[in-house]
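First up is the structure itself, then whatever we jot down about it.
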There are 4 protein chains.
Amino acid sequence: MLDQGSRRRAELLGIAAQLFAEHGYRSTTVRDIAEAAGILSGSLYHHFDSKESIADEILSGFLDELFASYTEILAAGLKPRNAIEAVIIASFEAIDSHPHGVSIYQTETKHLAKLSRFDYLEHRNTEFRKLWTTMLSDGVRQGAFREDLDIEVVYRFIRDTVWVAVHWYNPNGSLPVGQVARQYLTIVLEGIAVRRRPAKRGSGT
Amino acid sequence: MLDQGSRRRAELLGIAAQLFAEHGYRSTTVRDIAEAAGILSGSLYHHFDSKESIADEILSGFLDELFASYTEILAAGLKPRNAIEAVIIASFEAIDSHPHGVSIYQTETKHLAKLSRFDYLEHRNTEFRKLWTTMLSDGVRQGAFREDLDIEVVYRFIRDTVWVAVHWYNPNGSLPVGQVARQYLTIVLEGIAVRRRPAKRGSGT
Amino acid sequence: MLDQGSRRRAELLGIAAQLFAEHGYRSTTVRDIAEAAGILSGSLYHHFDSKESIADEILSGFLDELFASYTEILAAGLKPRNAIEAVIIASFEAIDSHPHGVSIYQTETKHLAKLSRFDYLEHRNTEFRKLWTTMLSDGVRQGAFREDLDIEVVYRFIRDTVWVAVHWYNPNGSLPVGQVARQYLTIVLEGIAVRRRPAKRGSGT
Amino acid sequence: MLDQGSRRRAELLGIAAQLFAEHGYRSTTVRDIAEAAGILSGSLYHHFDSKESIADEILSGFLDELFASYTEILAAGLKPRNAIEAVIIASFEAIDSHPHGVSIYQTETKHLAKLSRFDYLEHRNTEFRKLWTTMLSDGVRQGAFREDLDIEVVYRFIRDTVWVAVHWYNPNGSLPVGQVARQYLTIVLEGIAVRRRPAKRGSGT
DNA sequence: TATGAATGAGAATTCATTCAT
DNA sequence: AATGAATGAATTCTCATTCAT
């Protein structure tokens with residue numbers, strides 16, 4: 001339940017997020033944002049301290065939501081494979097509901113993280129890494145994942161794989177999120193190759 | 001064999017590429033490049049027309065090399081699975097030899113492609129797409145890859161997966177390129193899950 | 001006896017005076033004043049026309065009071081030395097009761113006097129000059145002050161000396177105004193040097 | 001001996017100093033400075049980092065020179081009264097040679113000192129205070145100055161008295177610096193009143 | 001080739017002021 | 001009286017680019 005003021009703020013944040021996502025943080029001018037909102041650039045400063053603080057609110061808001069959903073999943077105590085599926089689906093849902101946030105997170109993190117006000121980006125990265133490496137090594141220990149995996153490589157692989165989808169996943173397109181998430185999961189979990197060796201499994205040509 | 005002039009040019013391009021990769025094209029000023037090269041910003045203009053033309057040379061040079069190696073592989077007429085392996089290995093080798101080029105390509109394409117002088121970025125994208133969807137559908141047709149794959153999704157998945165590795169692959173690190181490429185291939189081709197008894201799946205032709 | 005409205009006005013003027021004195025007229029924003037008063041900047045405009053008119057009221061109010069006390073002293077027809085003592089004491093009392101007014105008067109006069117609405121600053125300066133040069137030359141004529149004085153220089157000396165005390169005189173500090181005024185008078189009238197044998201000087205009428 | 005570049009810098013610093021002194025630091029825009037120098041405002045940044053750094057160079061340059069001359073005087077080991085005369089004359093000479101520096105120092109110190117890059121202003125103040133209180137108490141101890149002086153008050157009196165002269169001393173005017181300094185010294189050392197008590201000294205009416 | 005001074009367009013930001021509610 | 005959203009002009013600063021030397 002937002003009052004008038006917060007609603008306007010949220011609206012402006014949405015406009016800014018879209019522009020940042022589409023043209024990049026640096027290439028989007030404060031004027032662009034104001035114009036898109038139908039006001040003058042100076043008026044933006046009635047709502048926000050600075051361009052940086054706009055990006056800050058977008059990113060921290062998005063990440064807070066995302067990690068809240070991760071925390072919920074972890075609390076459910078699922079088995080590794082199910083947990084990974086749930087986390088990936090939650091991530092794709094974030095792509096669906098916050099495509100701009102994801103995009104900004106992906107593209108701008110490297111540069112913004114240099115500023116101390118964005119230190120939380122680094123912290124979130126650390127949390128994310130812990131989350132995944134724990135799930136993966138639990139999975140290996142419990143026999144759900146292949147023993148020969150290099151956990152670190154797989155973690156990076158998944159981390160990048162998931163978020164990069166924002167570049168082409170179209171929220172208004174034909175494929176619903178759930179389905180895209182499923183396909184990603186299938187590739188990551190099962191690979192794209194036909195199973196050759198185990199003849200009795202009915203695989204092969 | 002380069003003459004004095006070209007050698008200096010190449011050197012400057014290398015310096016610029018590193019800065020573009022590290023801080024982004026927009027955030028890197030002409031002065032930054034000149035300073036890193038030990039000259040004044042005005043002096044850069046004896047070597048290059050503009051900042052854009054520096055980025056242009058870096059990107060087109062990198063892409064020309066990359067696609068030359070792809071073309072060679074295609075000409076060899078390998079079987080789909082082997083071809084895909086070769087193309088992925090070639091891509092990782094590009095990451096190894098031109099990390100800055102890859103990084104710039106990845107981060108700045110979206111932005112630079114708006115300028116007509118960078119139209120070739122779009123063309124290369126199209127080529128890349130054709131290359132992969134052809135290899136993938138050939139592979140499915142020949143029974144090397146699972147029939148239930150969504151070629152488009154897998155193409156995008158691989159495209160993003162490969163290049164994104166530049167963010168964490170460290171050319172001077174412990175893992176040699178070849179090995180990283182192998183691990184990527186293993187995940188993509190075989191998946192990370194332990195093969196379960198897929199009898200009821202009824203997969204295969 | 002002030003009604004509600006005027007009391008609020010006076011309160012706001014006091015807040016503004018303090019901020020102008022502490023941070024300067026230009027550096028103090030209308031928002032700063034409003035915030036210090038616990039209202040929003042737009043609301044200040046229900047009380048005052050403009051930022052300028054706030055400064056105007058502060059300065060003219062302070063100067064009116066000050067010159068009223070001068071006029072009273074002049075009307076008393078004191079001897080030069082006593083008159084000067086009285087005027088200086090009155091000035092120090094103004095520093096005590098209106099430290100912010102004095103500070104603003106001192107720091108901002110030069111700048112504000114360019115605006116026609118502040119023409120009275122110039123007029124007051126002229127009055128002040130007349131007051132002092134008259135007292136001083138009367139004093140010299142009547143043998144109270146040394147004959148070799150350059151009236152103009154002494155006038156400026158005193159003018160600056162008196163007001164500049166606002167920078168360090170602390171209204172809440174240990175020294176009461178009266179005492180500070182006395183010490184100033186001692187220095188100005190008697191000097192800091194020990195009286196040497198001035199026989200050869202041949203001073204006096 | 002300045003090279004081309006430093007000469008231009010010095011020239012620009014002089015222009016800026018004059019404007020800062022005349023209109024105040026805040027009221028002088030970077031554009032004003034540039035215009036007065038016959039260039040565009042952006043071009044100023046070829047020479048200086050920021051408006052602040054211009055003020056910084058003006059102030060620190062002026063203060064370095066001033067304190068160098070003080071240090072020389074102290075090193076001469078003069079008697080208190082002579083030392084004070086020398087220091088005051090040196091100060092008036094600074095007013096003569098750097099009127100803008102003095103004016104900026106006087107008017108802007110309070111505001112600029114809030115910025116950490118101007119911490120040296122505070123340090124200089126401390127040095128100045130030590131210089132004067134030492135000279136004054138030495139003088140009292142050696143019988144050159146009156147015993148009943150409040151050193152602190154006299155120090156402040158002199159400090160303010162000296163610099164405030166910049167407001168009306170006109171370097172191109174009729175009175176040479178030396179003479180103005182002398183008159184100031186006479187007032188401060190001897191006072192303006194005719195000596196009354198010591199009848200044999202021939203003072204009084 | 002290189003310097004260094006300058007351009008000029010445009011960036012983010014500030015702030016006194018207005019005004020409908 | 002007060003709010004809060006907005007204006008619009010001005011301000012500091014940035015930066016790719018030019019050009020005489």
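Note on naming: letters A, B, ... go to the chains in the order of the sequence lines (proteins, then strands), and numbering restarts at 1 for each one.
Comparing F:dA5, F:dA2, E:dA6 by their closest approach to the side chain of A:H46 singles out F:dA5. Closest to the D:L40 side chain, of the nucleotides E:dG8, E:dG4, E:dA2, is E:dG8.
As rounded to whole Å, 15 Å separates atom C1' of F:dA2 from atom CZ of C:F48. Between the CG atom of B:L44 and the P atom of E:dT3 there is a distance of 10 Å, rounded to whole Å. Taking atom CG of B:L19 as the reference point, atom P of F:dC15 lies 13 Å away to the nearest angstrom. Atom CG in C:L12 sits about 10 Å away from atom P in F:dA1, given to the nearest Å. To the nearest angstrom, P of E:dG8 lies 13 Å from CD of D:E35.
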Just the table, please: protein N/O against nucleotides 9-13 of chain F N/O, every pair under 3.5 Å.
{"unit_1": "F:dT12", "atom_1": "OP1", "unit_2": "D:K51", "atom_2": "NZ", "d": "3.1"}
{"unit_1": "F:dT12", "atom_1": "OP2", "unit_2": "D:V30", "atom_2": "N", "d": "3.0"}
{"unit_1": "F:dC13", "atom_1": "OP2", "unit_2": "D:Y45", "atom_2": "OH", "d": "2.6"}
{"unit_1": "F:dC13", "atom_1": "OP2", "unit_2": "D:K51", "atom_2": "N", "d": "2.8"}
{"unit_1": "F:dC13", "atom_1": "O5'", "unit_2": "D:Y45", "atom_2": "OH", "d": "3.3"}

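Nearest heavy atoms, A:K110 versus B:S103: NZ-OG, 4.5 Å. The shortest non-hydrogen separation linking C:L19 to C:T28 is O-OG1, 3.1 Å.
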Indicate every side-chain donor-acceptor pair of residues 29-42 of chain C with a distance under 3.5 Å to a residue at least two apart or in another chain.
{"unit_1": "C:T29", "atom_1": "OG1", "unit_2": "C:R31", "atom_2": "N", "d": "3.3"}
{"unit_1": "C:T29", "atom_1": "OG1", "unit_2": "C:D32", "atom_2": "N", "d": "2.9"}
{"unit_1": "C:T29", "atom_1": "OG1", "unit_2": "C:D32", "atom_2": "OD1", "d": "3.3"}
{"unit_1": "C:T29", "atom_1": "OG1", "unit_2": "C:D32", "atom_2": "OD2", "d": "3.2"}
{"unit_1": "C:D32", "atom_1": "OD2", "unit_2": "C:T29", "atom_2": "N", "d": "3.0"}

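Contacts of B:E11 classified as salt bridge (Lys or Arg N to Asp or Glu O under 4.0 Å), with partners at least two apart in sequence or in another chain: B:R8. By the salt bridge (Lys or Arg N to Asp or Glu O under 4.0 Å) test, A:E57 is found to be paired with A:R9, residues two or more places apart in sequence or in another chain being considered. With sequence neighbours left out, the side chain to side chain donor-acceptor pair (under 3.5 Å) criterion links C:Y105 to C:N125.
Close to F:dT7, at under 4.0 Å from its OP1 or OP2, lies a side-chain N or O of A:S43. Close to F:dA5, at under 4.0 Å from its OP1 or OP2, lies no side-chain N or O of A:R9. At F:dA6, one or more side-chain N or O atoms of A:H47 fall inside 4.0 Å of OP1 or OP2 (strictly under the cut-off).
Salt-bridge check for D:D64 with D:R124: passed, with a basic side-chain N closer than 4.0 Å to an acidic carboxylate O.
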Under the criterion side-chain contact (heavy atoms from CB on, under 4.5 Å), I'd like the reasoning laid out for A:K51 against A:F20: C-alpha separation, chi angles, the key distance, then a yes or no. CA-CA 11 Å; A:K51 188 182 173 186; A:F20 286 160; 4.1 Å; yes
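In this structure, the side chains of D:L63 and D:L121 come closer than 4.5 Å at one or more pairs of heavy atoms.
Annotation: F:dT21 and E:dT1 have their C1' atoms spaced 13 Å apart (nearest Å).
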Base-pairing string, 5' to 3', of DNA chain F - Watson-Crick or wobble, under 3.5 Å, | interstrand: .||||||||||||||||||||
